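Bear in mind the structure is a predicted one, so any value in this text is a computation, not a measurement.
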Amino acid sequence: MERPSTPEVIPTAPPAPAAPGKRYPTSHMARVRNLGVIAHVDAGKTTCSERILYFTGKIHRTGEVHDGTATMDYLPEEQERGITITSAATNCEWRDHILNLIDTPGHVDFTAEVERSLRVLDGAIVVFCGVAGVEAQSETVWRQAAKYHVPRIAFINKMDRIGANFFSAVDSIRQRLGAIPVPIQLPYGTEKEFRGMIDLISMELIEYKGDINLPPTRHPIPLHLRDLAEKHREHVIEEVSRYDDEVTRKYLHGEQVTAEDLRAAIRLGTVRNLITPVLCGAALRNVGVEPLLDAAVEFLPSPLDIADVVGQTPDGSAEEKRGHDPNEPFSALAFKTVGDRNGDLTFLRVYSGRMTKGDELWNPKRRITERVGRLYVMHANSRTPVEYAEAGNIVAIIGAKNTITGDTLCDPDHPIVFGAMDFPSTVISLSIEPASKADRDRLGEALAQMEKEDPTFERKVDEDTKETIISGMGELHLEVLLSRLTREHKVAVKTGQPKVAYKQTIAREVEVESRHIKQTGGHGQYAVAKFRFSPNPEANGDILFEETVRGGNIPREYFAPLESGLRESAARGGKAGVPYVDFKAEVYDGSAHDVDSSAMAFKECGRLAFRIMLESTPSVLLEPIMKLEVVSPEENVGDIMGSLQARRALIEEVVANGHLRTIRGQVPLAEMFAYTTTIRSMSQGRASFTLEPLRYAQVPKAIAEEVLAAREAEKAARK
């Protein structure tokens, strides 16, 4: 088993451009770390990012989230609300290594920002609250990182808070995330007496004294803590020896395992996603940030440690690969778009090759050429022009007019398409209209721009009422979008009440025959199709279309319009305007006419089939069920649980954590509007809750009848 050494120190100056015909060097990529900071809301993620920028010398004065002065929270909405809303990229240097850092949101409504960041990152720092441990959004961001095989190190923050418990937080990582946490530090002191940490690798005490601006000092471990440290170091050795032959040999033969041995073994296990090193600190007091930076450099991968990125040829016929090498054909993934007066900023992760200003790149998904007008390295909302970017870099360009999140840009002579990103479906919507005629034109342009920037924002026009409907991930998401309309785009709007994104499905299997036959004197219209419709919960909010026609009764070119017509009718949603999902539509027979059949005829046949199906089988109303987590003082738990059960919540567990209680369960989204005010009044502002989309489930019959009747009446009134 090959055993990597700890990262070497490499000069920070970028390599000079190679002469024509020469190869570009790749060794400098060993000192690059593309990493993100991810966490549950209020775990201290942005504070941690701010301290990283301070200690690396990127900024010379720290800002605070609660004051609205944090560097990475640059949007007015972020500064006013004290939360991160959009991911922000920056870069800094530590120990002669370049850190391309992305600070991500912690609120579930903005989870798409985490998704698209992790898609392009090589490693992550996961911040946990020392009091609460793993929280609801901690699980979400952990799953997202696992989805993209992103190696992680854990930082147990807020160790100076009352109720902080390092070992409890580590246990929650093991139990709730299914991870293998390996603590490489122990806290020195608890709560208000927290003064530093014991480094189990070097076996030193890292102590912070007095002034938070003073660097820590390193001492021998106090005698009364020596046995505890030796015990936990033995655990580290036992764990990492599974992944490193040299450590295994020394351990079995009773030889001393050195600090360098441990670092190499921990790096190997981390890069391979087998273990998660765990550190601790209190970022607000500057405690533990320098060791965290050391761990990021030593244990998280460089682009050279990551497997070749896999894509496909544009026609999907074959697999393509690109190595993280500036000498290979250029390829990059667009992972974020931000509106700008001078042209949209498109954020790219460059996987291979090299690009310079003025280059023309191919977007194979949209079959267009995009020109690199300007090229920047970003620091939050400020930018530094650069002449070129190459494999391993995260940069932003101006000039890609039609490229959006998930698109690939590549060498026109060597096309490749990387896999797109998956984003959750919207769960809440409201109607919107311009406040005046002057706002009408600007509203359309603003919504189009916001839709381009945010893949979890949707807009549509109701065909019956002609209203514009916007949809998002939650109440806060829609609040922020509306605020941005006014603040950034200068558009005044009127809105309706927020509405749950209900869906419908069918109750049982049914077979129908759809016959669209018209004769109009010239060419007529002829399309006949026999369908078998059946419930299909595994469709995950979609429709499964399948054709099993044999003998060519329906020519193959007519299946696509048949499906298109069916999907259009399902999206309209019948009388109540609630879309139909989670069913299978199998077309198993039919007929066509040599002269009168056409794509238009079969599209109308698909629409008709859906309408006939609705008349033949009952419908089932589905509602979004949210994963619920409430953190409350012990004395308020009874009242809160009573209020939740009155809102149809299913309580799954109540977990004690010091004087706090964590209530976990499931609840229909429809019951949780304005619950923030309710829970604050019951707990004097001390309790909080989070909701995360979980699944769709059948609405109780009595409630379903009320919802559908109200939707039908509302739709009829607006005609």
Side chain of [X], backbone of [Y]: donor and acceptor closer than 3.5 Å?
{"X": "E78", "Y": "L75", "answer": "yes"}
{"X": "R31", "Y": "S302", "answer": "no"}
{"X": "E568", "Y": "R607", "answer": "no"}
{"X": "T505", "Y": "V581", "answer": "yes"}
{"X": "T426", "Y": "I428", "answer": "no"}
{"X": "T56", "Y": "I52", "answer": "yes"}
{"X": "R33", "Y": "A30", "answer": "yes"}
{"X": "S317", "Y": "T313", "answer": "no"}
{"X": "Y558", "Y": "S597", "answer": "yes"}
{"X": "S569", "Y": "L566", "answer": "no"}

Side-chain heavy-atom pair [X], [Y] within 4.5 angstrom cut-off:
{"X": "I83", "Y": "L476", "value": "yes"}
{"X": "F347", "Y": "I397", "value": "no"}
{"X": "N91", "Y": "I394", "value": "no"}
{"X": "T405", "Y": "R119", "value": "no"}

Electrostatic pair [X]-[Y], nearest N-O below 4.0 angstrom:
{"X": "E547", "Y": "R556", "value": "yes"}
{"X": "K584", "Y": "E546", "value": "yes"}
{"X": "E445", "Y": "R442", "value": "no"}
{"X": "R349", "Y": "D122", "value": "yes"}
{"X": "D344", "Y": "K452", "value": "yes"}
{"X": "E451", "Y": "R459", "value": "yes"}
{"X": "R371", "Y": "D359", "value": "no"}

Enclosure of R143 CZ (heavy-atom neighbours >12, cutoff 6.0 Å):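 Result for CZ/R143: enclosed.
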
As an exercise, state the distance from [atom1] of [X] to [atom2] of [Y], rounded to the nearest 0.5 Å.
{"X": "T71", "Y": "I59", "atom1": "OG1", "atom2": "CD1", "result": "3.5 Å"}
{"X": "C92", "Y": "L99", "atom1": "SG", "atom2": "CG", "result": "4.5 Å"}
{"X": "L348", "Y": "L375", "atom1": "CG", "atom2": "CG", "result": "8.5 Å"}
{"X": "S436", "Y": "K494", "atom1": "OG", "atom2": "NZ", "result": "9.0 Å"}
{"X": "F545", "Y": "S564", "atom1": "CZ", "atom2": "OG", "result": "10.0 Å"}
{"X": "L333", "Y": "R116", "atom1": "CG", "atom2": "CZ", "result": "11.5 Å"}

[Y] versus [X], side-chain donor and acceptor atoms under 3.5 Å:
{"X": "S471", "Y": "E458", "value": "no"}
{"X": "E387", "Y": "T356", "value": "no"}
{"X": "E115", "Y": "Y148", "value": "yes"}
{"X": "N536", "Y": "D582", "value": "no"}
{"X": "D305", "Y": "H324", "value": "no"}
{"X": "D325", "Y": "S352", "value": "no"}
{"X": "H107", "Y": "Q137", "value": "no"}
{"X": "T46", "Y": "T84", "value": "yes"}
{"X": "N273", "Y": "R152", "value": "yes"}
{"X": "E320", "Y": "Q312", "value": "no"}

E113/T104 under side-chain hydrogen bond (donor to acceptor under 3.5 Å, both in side chains): CA gap, chis, key distance, verdict: CA-CA 7 Å; E113 291 288 330; T104 65; over 6 Å; no

CA sep, side-chain torsions, deciding dist, call: T86, K336, side-chain hydrogen bond (donor to acceptor under 3.5 Å, both in side chains): CA-CA 10 Å; T86 183; K336 183 179 175 70; 2.6 Å; yes

Partner of R484 under side-chain hydrogen bond (donor to acceptor under 3.5 Å, both in side chains), chosen from E453, E77, H489: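 Testing each of E453, E77, H489 against R484, the sole residue satisfying side-chain hydrogen bond (donor to acceptor under 3.5 Å, both in side chains) is E453.
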
Check against side chain to side chain contact (heavy atoms under 4.5 Å, CB included), N363 and T369: CA-CA 6 Å; N363 183 328; T369 298; over 6 Å; no

Pair F330 + Y351: ring centers closer than 6.0 Å: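 For F330 and Y351, the ring centres are not under 6.0 Å apart.
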
Within 45° cone and under 6.0 Å: K503 NZ/CZ vs Y696 ring: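 Ring-cation test returns yes.
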
R354 to Y388, cation-pi by 6.0 Å centre distance and 45° axis angle: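 So R354 does make the cation-pi contact.
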
Check against side-chain hydrogen bond (donor to acceptor under 3.5 Å, both in side chains), T111 and Q144: CA-CA 9 Å; T111 189; Q144 289 172 307; 3.1 Å; yes

Partner of L101 under side-chain contact (heavy atoms from CB on, under 4.5 Å), chosen from L121, L35, N34: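 Of the listed residues L121, L35, N34, the side-chain contact (heavy atoms from CB on, under 4.5 Å) partner of L101 is L35.
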
Aromatic plane relationship, Y580 with F610 - under 30° parallel, 30 to 60° tilted, over 60° perpendicular: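 The arrangement is perpendicular - the two ring planes meet at more than 60°.
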
